[in-house]
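Below is one structure, written out as structure tokens; comments come after it.
Every chain is numbered from 1, with letters handed out A, B, ... down the list of sequences.
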Amino acid sequence: MNFVIPSFIPAIPEIVLLTLTSLLLIADTIWSKRSEFATYYATQLILLVVGYLVLTSFSTSQILTFDGSFVRDAFGDVLKLVIVVVSMGIFLFSKEYLLQNKFYRGEYFTLGLFGVLGMFVMVSAYNLITMYLGLEIMSLALYAMVAMRKDNQHALEAAMKYFVLGALATGMLLYGFSMIYGATGSIQFDEMAQIIASGNVDNVVLSFGVVFIVIGLAFKLGAVPFHMWVPDVYHGAPTAVTLYIGTAPKIAAFAMLYRILVEGLPGLVEDWQSLIVMISVLSLIVGAVITLVQENLKRLLAYSGIGHIGFILLGIIAANPDGYSAAMFYTIVYSITALAGFGMIVALARTNNEFDLVADFKGMNKRNPWLALMMLFVMFSMAGIPPFVGFYAKVVVIEEVVQAGFTWLAVLAVFMAVISAFYYLRVVKVMYFDEPEDDTKIEPVSNQLNWAVSFVSIALLVLGLMPSSLITLCYNSL
Amino acid sequence: MLFGFPILSTLIWLPIIGGLLILFLGRDRDTFTKWFALSVSVVTFLVSIPLWTQFDTSTSAMQFVEQVSWVSQFNIQYYLGVDGLSMPLVLLTTFTQILVIASAWDVIKERVEQYMGAFMIMQGLMIGVFVALDGILFYVFWEALLIPMFIVIGKWGGQDRVYATIKFFLYTFFGSVFMLVAFLYMYFQSGSFSILDFHAMHLGSTAQILIFLAFLIAFAVKVPMFPVHTWLPDAHVQAPTAGSVVLAAIMLKMGGYGFVRFSLPITPDASMELDWLVIALSLIAIFYIGLVAMVQKDMKKLVAYSSISHMGFVTIGMFLVYDIVQNTGSIQGSMIGMEGAMIQMISHGFISGAMFLMIGVLYDRMHTREISAYGGVVNTMPWFGFFAVLFAMANAGLPGTSGFVGEFMVILASFKANVWYGIVAASTLIIGAAYTLWMVKRVFFGAVANDNVGSLKDLNKREFAIMATLAFAVVLLGIYPAPLIEVMHSSVANLLIQATTSKL
């Protein structure tokens, strides 16, 4: 057996990210004594560098390296760029929140960067082991971040729940991986696909493997019936961490779903398609119905996020490249919208008031009409009302579902969209029609955040008026 | 088109941009806000006049067309144009807008800039609905319209405004999502979202029936037709005066417009198959809702129900075509029903707008809409009494007013189709007269009911101007509707051919 040194070039962004983050981990211990924000600025700089590296080496064709365990392609590069942009937004929003709540620590940023590294690896993984590796890098960072607020019982409970259920999910996933490996003798996605296509495999083991993998993926995505952790973790975690969990990892989870099911197991499409149909339908229903009674905005967004996952899965159900592109577009749009939504809460949170109840937004239009308008943008975008970009996300996904012949699913999905419109409307109602409890003006913690919230929310409108380029990008990358 | 000037885009974007500007510039500067809003609406109206003067009545093709690719991946276009069906509605919108802005002049005192901004944005979006020739573009305008209306009813409305506005939003949203699925299905079949391509495409009979039903839900909620009309009385009663005017005068017309732009030409076979359904619902609306209107104690509710009843004429007039063709064997005979329906839409725009403005005038003075709180108003407000009786007569369909023309044409067509349809439809002449005149009698005539009424002041100049303008429009359209019919003629003829040509 001859040893060939693999090409490191495709993995340069990850390598740079790992190196710089490790350096930052050391530097932070020195800096934190002297300059408050040094770690924060270094974090943003690292992300900028990594984003730049991805952009300059943007790959339109598929490049495999490390014995075929790592892949660079347009799909991955687009998602990585989105992850970088969204993460930069997350850190920007979080900084002030952490200061206000007196747990500003460099670890938040370094852990966050490790999370980004995990996501990068997941996006680029091309065999089961690499995928597992990426997933664990990301998850461990997230568990620790949820638990960062050591003095807060809710956060600790959430961390525990997240960890235990996350471990369970990983277990399921690994069990599924091992079955697939047992049946095909390969962990490499393209080889798996070939071997399954050849037909010389034990179908029973494969089917079981698929079931376990889908369950594991559903856990990680937070799809029904494996969604129980989502509302508790979103609610219990400090909002800055919720902001993190609710946005970027969704992109990575989508990439994982795509890589495993579509690139690794295309031959079993009939097996996983029917499973995803069930999960998707349930997610849509739960995401629409249970959200109706939520009084806490974080919980509301958590449950509504489950509904959005249902929509993302609809695109996967179409089981063709256009469907996956539609799902990808939906994922990107959702992560931006969620960034704006959670970002709004983070920006308004104070030491004595988390500002995460729907009732906290009472009379927002009187207290700060501009922010009320921005929140209205976010809510209507989530509800899928034009001219906001959330509308196009729903349109492309439903379009692909109709094309794939699942018109009944499309009808169900739009029906659930109508139900879910109610709770988004309720937030708007509270902001515009209710009288505020106190008339004092409310401002984001800093001017910078005011701009950031406005920028992201207006982006929802601008992308909605000109959705063409983002849609084309998603369709061309697959 | 005048030197290639994009009139339609201007009509859409001028008010929207103006509305956004006023949202930000108008804070605490009420006088400036009002004058700005008024000037934008006047300019918009002036820009819309060339649509009429330069309109080519000899063709049914789209005019003033603008076409740019918007989302290339899905072949979605920014595609605008008007024909004889949509052009009058655009003008109705720009005309009504001036009155809407003027009607709020002294009445709205809280957050004037948001109020005016919402109405201006709404105007642009409504024009967009009427001129869009791309399914998705149409849907975007159609849905986006809900947002400002939601805010307007919920914020400046009456006691139960929140309930009413959420009901309004969810009903309409529920109706329209199915239309979206239908659009996506047709895109999947034709590869384009262009409405004209939808008109030309072939569709199987099951697909047609499903698409027809999806459209029916969407448009029936908007018109509104029995039994999905229940949001309208709530929304009307709770909405501020201008909101009611916009709802009744223009938004309801979007439903009727949807039938002629989508249902009839895209699914002619399903329309033929299911025309009985629309006709039955329309007759119920005309007769039953008319009776419901009679027992209302609240003036606004009464007019709201009368709107539903009058819109029944619009929908029945549109769907009589199949029975008439069957009876007479020629399309020509069915012209009168369709044109009657179109005229009824325009005329109802004026009359219902006038009725709601009238109630607004009273409400501003007395802060109640209960009929029993009034009596003998004509003694203290003679000019107002004059206009009120005129509009009431128009609402009852008195010859010489615009209300007569449309209703009469539709009733004639109903008799051509089926005697029984005609008899039920004609009953409105009695029922409509009964509820309208009875209300006028109780509110305006008799002795002065109480001191509040005794101290009422007659119309001021602003109100007088609004009323006089509307009265002029109502009478003009009543005695000389020919220009309007001429504008619509080719498009209606073309529509009838499309509606009776099988696409199987």
- Can you find a heavy atom in the side chain of B/V177 that is under 4.5 Å from one in the side chain of A/V411? no
- For the residue pair B/R111 and A/N365, establish whether any side-chain heavy-atom pair is separated by less than 4.5 Å. yes
Heavy-atom contact with chain B under 4.5 Å, split by part of [X]:
X	value
A/A383	backbone
A/F422	both
A/L373	side chain
A/D434	neither
A/I385	side chain
A/V395	both

- Under 4.5 Å from a heavy atom of chain A, the part of B/F24 involved: side chain
- For B/Q114, is it the side chain, the backbone, both or neither that has a heavy atom under 4.5 Å from a heavy atom of chain A? side chain
- State which residue, out of B/F169, B/F174, B/Y171, fulfils the side-chain contact (heavy atoms from CB on, under 4.5 Å) condition with A/V418. B/F174
- Message: Set out, in order, the CA-CA distance, both residues' side-chain angles and the distance that settles side chain to side chain contact (heavy atoms under 4.5 Å, CB included) for A/F433 and B/W156, then state yes or no.
- Response: CA-CA 9 Å; A/F433 310 151; B/W156 290 276; over 6 Å; no
- In terms of heavy-atom contacts, B/I147 and A/P386 come closest through CD1-O, 3.9 Å
- For A/S468 against B/V71, the heavy-atom pair lying closest together: OG-CA, 3.6 Å
- Note on the structure: With sequence neighbours left out, the residues meeting side chain to side chain contact (heavy atoms under 4.5 Å, CB included) with B/S9 are B/P6, B/W13, B/E66, B/Y78, B/L80
- Query: Among A/Y475, A/Y432, A/F388, who wins on heavy-atom pairs under 4.5 Å with chain B?
  - Reply: A/Y475
- Between B/W70 (side chain) and A/L465 (backbone), is there a donor-acceptor pair under 3.5 Å? yes
